[in-house]
Amino acid sequence: MNTIELSAIAIYFLLVIGIGIFFFIKSKKSESEKEYFLGGRNMNGLVAALSAGASDMSAWVLMGLPGSIYLAGVGKVWIAVGLLCGTVAAWIFVAPKLRRYSIRANDSITIPQFLTNRFMTDNKALQIISALVFVIVYWVYSASSIVACGDLFKTVLDVDPKISMIVATAIIVLYTFLGGFNAVCWTDFFQGLLMLGALMLCPIIALIGVKTGSFIVDSGAALPENYFNLLSSGSFNWASIADILTGFGWGLGYFGMPHIIVRFIAIKSEKDMKKSQIVGSCWTAVILTMSAVVGLFGRYLFNDTLAESKSLVFVTMVRTFFPAFIAGILLSAIIAAAMSTADSQLLASSSAFSSDVYKAVIRKNASNREMMWAGRIVVVIIAVVAFLIASSPSCEGIMELVECAWGFFGASFGPVILLALYWRRFTYSGAVAGIVTGFAVDMIWYMLFTGDSGIYKFGLFNTGIYEIIPGFVCGMIAAVLVSLISRKPSEEVLALFEQAKQPIDTSSSAE
């Protein structure tokens, strides 16, 4: 790591902090809970789309996926396929209906608020349960991003991981604390552009380098068996079926991922929603495709020389083909990927706790200013707890933490969100049952049926099936059955369901 690369990364850090300061100053003019946690429902379609994508795609898309494909071949692409399908499905089937319904449902600004207001009830049980699940799971999820930042700083900057995690956490907390939702979305927007540019540019320049003879390829090493086979085992057996099911299982997570779907309800108009659907789906498709291309190119360029450090394929390619300052900018894309996920997680958990626990139970008459500062304090508390988890010797690592959190959210809230949007007979009791059942089944499956025993596992046997799949299915069944045996929704709730089908043409937060 040289000082030129470091200076480019420092400029990137100053940019994101500057965005936080800008929106902090701007927020002084209109201090409100909705402004801090949802950007006043005034988010540009392009910004919302890239923010949703960047908050979703962590450092995994620049290090994990290229590294897996580099080492084992295209059979590792199924998670990317599942994520792409899930992204497109969420933009088409969830985004427009959730935005309309959340506005009709008493202008809800968080997912727990929407799930409560959708049933027009004063019962806060669902709101509190949801908010507590958010906070607990986001401790784990945010810890994964902090671990990623530590690993990335160690790899890219050659800095001690503990110091790296402290610095990364401080920067993320600073701009999230100051600027709230607007700062998070706009930093995610620039981070999304940076990730896209880095992944698009790197293979193109590498190909030019090979074609012009400025980089000589040594093609002596043999490729692994079945390297270009979509079935990683080479045949259609249980291992291949489990890989495919697990890949598509990841896609289920999008229906219940709070820090992603909250972007849907922040979009300012129907016109911007259509723009977001196209841009968001295309951005994800290009990002995942080019990430896979980087892995394949890496194998062609470097053979098996990076077998022991497969996650460094993108880093090595950047440093091989670009001048130091440009390399520093492109390497910032890796840090951006981790930070754009962490900031969204902190704000989503903060908004859920502040709006759905603090205001709903502790301080019912809290002012807008008090709510904003409560949210900021919660951001700091959650970040500290996430840092302690990340720095613990028993921490399971990035992918393990991400799998846990993604599974919990997808299984708990995915079925409930879909039923809330599409089934008029859905009841409040069914929603509670769906969340609790999905969460419980996901946790039990994770502990018993996903691998060897460990600090959080009892490992009876490994099915090879991602726990989100049985959790999602059981959560859906529980929600439907309990709804069918519960009292039917009132006429007012049914009228709200029908009203929510109608487009809202105004760009304001209510009709």
Side-chain angles (χ1 to χ4, degrees), residues 37 55 94 98 102 108-119 121 123-145 252-262 265 341-342 344-362 374-375 378-379 381-383 385-386 389 401-420 426 428-447 456 466-476 478-479 482:
F37 292 128
S55 65
V94 174
L98 180 60
S102 64
S108 304
I109 66 172
T110 69
I111 300 304
Q113 272 186 26
F114 163 68
L115 290 175
T116 299
N117 293 339
R118 186 251 189 242
F119 299 104
T121 177
N123 190 331
K124 300 297 183 183
L126 176 58
Q127 200 167 337
I128 295 170
I129 290 171
S130 300
L132 291 176
V133 170
F134 275 30
V135 172
I136 293 170
V137 177
Y138 272 130
W139 281 340
V140 177
Y141 212 153
S142 299
S144 72
S145 297
L252 295 174
Y254 284 101
F255 301 124
M257 208 55 53
H259 63 282
I260 297 174
I261 62 178
V262 73
I265 67 177
T341 302
S344 301
Q345 294 160 353
L346 288 177
L347 192 66
S349 51
S350 166
S351 63
F353 183 85
S354 300
S355 297
D356 304 316
V357 177
Y358 182 79
K359 188 172 185 178
V361 179
I362 301 172
V378 173
V379 164
I381 294 172
I382 292 173
V385 175
I389 294 172
L401 292 171
V402 171
E403 285 180 355
C404 261
W406 190 269
F408 281 141
F409 276 136
S412 301
F413 293 99
V416 171
I417 292 293
L418 289 174
L419 291 172
F426 194 37
Y428 184 87
S429 299
V432 173
I435 291 172
V436 172
T437 302
F439 188 92
V441 172
D442 184 277
M443 179 182 291
I444 292 169
W445 192 278
Y446 168 77
M447 291 191 297
Y456 304 120
Y466 186 19
E467 62 268 18
I468 193 175
I469 297 174
F472 191 98
V473 171
C474 291
M476 179 71 78
V482 172

Fill in the blank from the handout: Looking only at heavy atoms, the pair that brings Gly471 and Ala411 closest together is C-CB, 3.6 Å
Practice task
Let me see the working for Val133 and Phe413 under side-chain contact (heavy atoms from CB on, under 4.5 Å), right down to the final yes or no.
Solution key: CA-CA 10 Å; Val133 170; Phe413 293 99; 3.9 Å; yes
Handout entry: Which residues share a side chain to side chain contact (heavy atoms under 4.5 Å, CB included) with Ala420, sequence neighbours left out
Key = Phe114, Leu115, Arg118, Phe426
Fill in the blank from the handout: Of all heavy-atom pairs linking Ser108 and Asn117, the shortest is OG-ND2, 2.8 Å
Problem - Atom pair CG/OG of Asn123 and Ser429 - distance to nearest 0.5 Å - result: 8.5 Å
Practice task
Compare every heavy atom of Pro470 with every heavy atom of Trp445, then report the nearest pair and how far apart it is.
Solution key: CD2-CG, 3.4 Å
Completion exercise
Interatomic distance, CG@Leu252 vs CE@Met257, rounded to 0.5 Å, equals 10.0 Å
Practice task
Drop me the distance from Ile261's CD1 to Ile417's CD1, to the nearest 0.5 angstrom.
Solution key: 4.5 Å
Handout entry: All ring-ring contact (aromatic ring centres under 6.0 Å, His included) counterparts of Phe409, not counting sequence neighbours
Key = Phe134, Tyr138
Completion exercise
For Ser102, the side chain to side chain donor-acceptor pair (under 3.5 Å) test, sequence neighbours excluded, returns Arg41
Practice task
Find the distance between CD (Gln127) and CD1 (Ile111) and round it off to the nearest 0.5 Å.
Solution key: 12.0 Å
Practice task
Kindly indicate whether the side chain of Ile265, heavy atoms from C-beta on, has any atom under 4.5 Å from the side chain of Val262.
Solution key: yes
Handout entry: Heavy-atom check, side chain of Thr121 versus side chain of Thr116, under 4.5 Å
Key = yes
Handout entry: Non-hydrogen atoms of Trp406 and Gly253 that approach each other most closely
Key = NE1-CA, 3.5 Å
Practice task
Taking the side chain as every heavy atom from C-beta outward, state whether Tyr254 and Val94 have any atom pair closer than 4.5 Å.
Solution key: no
Return all side-chain donor-acceptor pairs below 3.5 angstrom for residues 431-441, not counting sequence neighbours, or 'none' if the list is empty.
{"residue": "Thr437", "atom": "OG1", "partner": "Ala433", "partner atom": "O", "Å": "2.7"}

Exercise for the section: Without swapping roles, check the side chain of Tyr446 against the backbone of Glu403 for a donor-acceptor pair under 3.5 Å. Expected result: no
